[in-house]
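Read through the structure below, which is laid out as structure tokens, and then see the notes.
By convention here, the first residue in the shown sequence is residue 1. Computed from a predicted structure; not experimentally measured.
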Amino acid sequence: MKTMVYRLNSGVSRLFLFALVAVMPGLVQAESANDAQAVKALATDSSGALLVLRDSGLLVLDDKTAADIPLPPSDSGAQPRSMAKGADERLYLAGPGLGIWRYEYASERWHSLNDTLPDLGITAIAAHATQPETLYAYLGEGGMFRSRDGGGEWVKVDGGPREPVQAFLHSDMPGSMESGWLFAGTTRGVARSMDCFCFWGDAGELRGAVTAIDYDPSAPENVYAVIEGQLHHSSDGGETWVGLEIPQAITALTFSPKEGLVVGTENGDLLSRNASGEWVPVHE
């Protein structure tokens, strides 16, 4: 039986929600944290709470409570499909037709970062692992763009890998000529480049369309990628890969300071591995 969580409408702050649950739980509506929708993207906030993006919206999930964050406005009805957390804990969402938006927790508002982008066709975003103001965006045929001022000005820096990028990340893994590495999940496999954009090459021989990718911030050589719902792990920065057994098709990945590797599934579940290596539900 699933643990029930409490959800308020999007206009109520998380702080008020947690206080209300503690003092007067009868005033809020109980719902399951899993609404059976596939998880599109995962991240964590500054407190370690999980940020879960589904078609129905963005959910902040912490222990037995949940709260909605309303999605950025879109005249076209475009939906986000990529999410990133900056080195300063700020949250970013992006998607084709939506562009890139930053969420300010203090004001509970989204801010558009699209003024200097050539178009809104963003398929993937990444935030620099250690530089709070550095962001990356992929615009398909438009190539790779970078902002060094938190999204105020975007500059094209590279054409990107040969194949379209569906997910990517910045890592502070050692060995770069500059400040880190970019790992891109493409329709062919995982591509890798130092963040000087010196050269894009294959990260090992993993083949297939990569739909999600992440790494362990405490051990950056450990990279994880999802192909056709299957989870793959590299312990050497993408040189070699092994498949990991998991009971459901995976759609999203993140690392939680509380749970370690957390995966989102096609069925809407959130799973992490326990000390015995078994996949168990998160917050249930």
Side-chain angles (χ1 to χ4, degrees), residues 3 5-22 28 31 33-35 37 39-54 56-72 79-95 98 100-111 113 124-136 150-151 167 169-172 212-218 224 251-264 268-272 281-284:
T3 296
V5 298
Y6 297 101
R7 185 189 307 225
L8 295 180
N9 63 45
S10 59
V12 182
S13 70
R14 288 181 60 209
L15 180 62
F16 180 66
L17 179 141
F18 296 144
L20 193 59
V21 168
V28 293
E31 297 181 5
N34 176 3
D35 57 9
Q37 292 186 356
V39 179
K40 296 166 66 176
L42 287 170
T44 59
D45 68 10
S46 59
S47 70
L50 285 170
L51 302 168
V52 185
L53 179 65
R54 298 188 177 101
S56 59
L58 180 60
L59 182 71
V60 185
L61 181 61
D62 189 3
D63 296 328
K64 297 179 181 180
T65 59
D68 289 313
I69 294 179
L71 295 177
Q79 293 291 308
R81 77 183 215 187
S82 182
M83 182 162 59
K85 181 179 71 171
D88 57 358
E89 308 290 344
R90 288 192 291 185
L91 174 64
Y92 300 89
L93 280 184
L98 186 70
I100 304 173
W101 293 73
R102 182 180 66 234
Y103 186 70
E104 301 293 349
Y105 288 99
S107 61
E108 298 183 350
R109 296 183 61 186
W110 289 98
H111 296 273
L113 305 179
I125 56 171
H128 196 286
T130 59
Q131 298 175 6
E133 296 297 310
T134 301
L135 307 170
Y136 303 90
L169 62 89
H170 182 274
S171 163
D172 57 352
I213 190 167
D214 211 332
Y215 81 110
D216 185 347
S218 65
Y224 297 80
T251 55
L253 306 169
T254 194
F255 269 85
S256 160
K258 300 178 181 179
E259 308 288 345
L261 176 63
V262 176
V263 302
D269 292 324
L270 302 174
L271 305 174
S272 65
V282 176
H283 298 322
E284 293 188 6

Q) Okay, side chain of W110, backbone of L93: is any donor-acceptor separation there less than 3.5 Å? A) no
Q: Any chance you could measure T130, atom OG1, to D172, atom CG, to the nearest 0.5 Å?
A: 6.0 Å
Q: Determine the minimum heavy-atom distance between A212 and A252, stating which atoms define it.
A: CB-CA, 4.1 Å
Q) Side chains of Y103 and L58: closer than 4.5 Å at any heavy-atom pair? A) no
Q | A127 to G86 - nearest heavy-atom pair and separation | A | CB-CA, 3.7 Å
Q. How far does CG of L91 sit from CD1 of I69, to the nearest 0.5 angstrom?
A. 6.0 Å
Q. Do you know which two heavy atoms are closest between Y215 and A129, and how far apart they sit?
A. OH-CB, 3.5 Å
Q.
Give me the atom names and distance for the closest heavy-atom approach of R54 to V39.
A. NE-CG2, 4.0 Å
**Q.** Partners passing side chain to side chain contact (heavy atoms under 4.5 Å, CB included) against S218 (at least two apart in sequence or in another chain)
**A.** D216
Q: Give, for atom OH of Y105 and atom CG of D45, the distance between the pair rounded to the nearest 0.5 Å.
A: 5.0 Å
**Q.** Side-chain touch I100/I125, heavy atoms, less than 4.5 angstrom
**A.** yes
Q) Less than 4.5 Å apart, any side-chain heavy atom of D269 and any of V263? A) no
Q | Check: K40/T251 side-chain N/O donor and acceptor closer than 3.5 Å | A | no
Q. Aromatic rings Y136 and H128: how do their planes relate, parallel, tilted or perpendicular, breaks at 30° and 60°?
A. parallel
Hey, can you pull the donor-acceptor pairs under 3.5 Å for the side chains in residues 253-262, sequence neighbours left out?
residue : atom : partner : partner atom : Å
S256    : OG   : K258    : N            : 3.0
S256    : OG   : E259    : N            : 3.1
K258    : NZ   : D62     : OD1          : 3.2

**Q.** Rounded distance (nearest 0.5 Å) linking atom CG of L71 with atom CG of L98
**A.** 8.5 Å
Q) Between atom CG of L270 and atom CG of L50, what is the distance when rounded to the nearest 0.5 Å? A) 6.0 Å
Q: Can you measure from CG (D88) to OG (S46) and round to the nearest 0.5 angstrom?
A: 10.5 Å
Q) Between R90 and R102, what is the shortest heavy-atom contact and its length? A) NH1-NE, 3.4 Å
**Q.** E104 side-chain N/O to H111 backbone N/O, donor-acceptor pair under 3.5 Å
**A.** no
Q: Specify the closest pair of heavy atoms between G151 and L135, including all atoms of both residues, with the distance to one decimal.
A: N-CD1, 3.9 Å
